[in-house]
Amino acid sequence: MTTISIPITPEQEKFIRSYIKEGKAENKAQVVRRALSHFAEEEAVRAVLEAEREIVDGKGLRGDLRKLIRKHA
């Protein structure tokens with residue numbers, strides 16, 4: 001596991017301490033890991049929604065996946 005050091009604002013520090021005090025996390029590292037997991041989930045949802053928009057807009061690919069891969073490779 002890698003350790004990183006980043007500067008945060010006083011408001012962010014206050015939020016982290018409050019989160020721990022409320023029993024929602026055991027320590028600062030757990031708060032940050034949860035935040036990163038949440039961010040990754042949001043990005044995955046965003047990608048799915050964007051793909052759905054592209055399909056609605058007619059930008060989706062149709063056909064045999066193997067042929068499409070060869071064509072676009």
#### Entry: Nearest atoms (heavy-atom pairs only) where K28 meets I16
CG-CG2, 3.7 Å
### Message
Please give me the minimum heavy-atom distance between I8 and E13, naming the atom from each residue.
### Response
CD1-OE1, 3.3 Å
### Query
Do L36 and M1 belong together in a cluster built from hydrophobic side chains that touch within less than 4.5 Å?
no
### Task
Verify the neighbour count for atom CZ of R17: are there more than 12 heavy atoms of other residues, nucleotides or ligands below 6.0 Å?
no
### Task
Step through the shown structure and confirm whether more than 12 heavy atoms of other residues, nucleotides or ligands are within 6.0 Å of CZ on R66.
no
### Task
Output the distance between atom CZ (R33) and atom CD (Q30), rounded to the nearest 0.5 Å.
7.5 Å
### Query
Do other residues, nucleotides or ligands put more than 12 heavy atoms under 6.0 Å from the CD atom of E43?
yes
### Message
Can you give me the closest heavy-atom contact between Q12 and T9, atom names plus distance?
### Response
OE1-N, 2.8 Å
### Query
When you look at S18 and E22, which way does the side chain to side chain donor-acceptor pair (under 3.5 Å) test go after all the steps?
CA-CA 6 Å; S18 173; E22 292 172 9; 3.1 Å; yes
### Query
Do the side chains of I6 and F39 join up, straight or via other hydrophobic residues, at under 4.5 Å, putting them in one cluster?
no
### Task
Answer yes or no: is there a side-chain heavy-atom contact under 4.5 Å between K67 and R70?
yes
### Query
Quick one: OH on Y19 to CG on N27, what's the gap to the nearest 0.5 Å?
12.0 Å
### Query
Considering only heavy atoms from C-beta outward, does the side chain of E52 approach that of L49 to under 4.5 Å?
yes
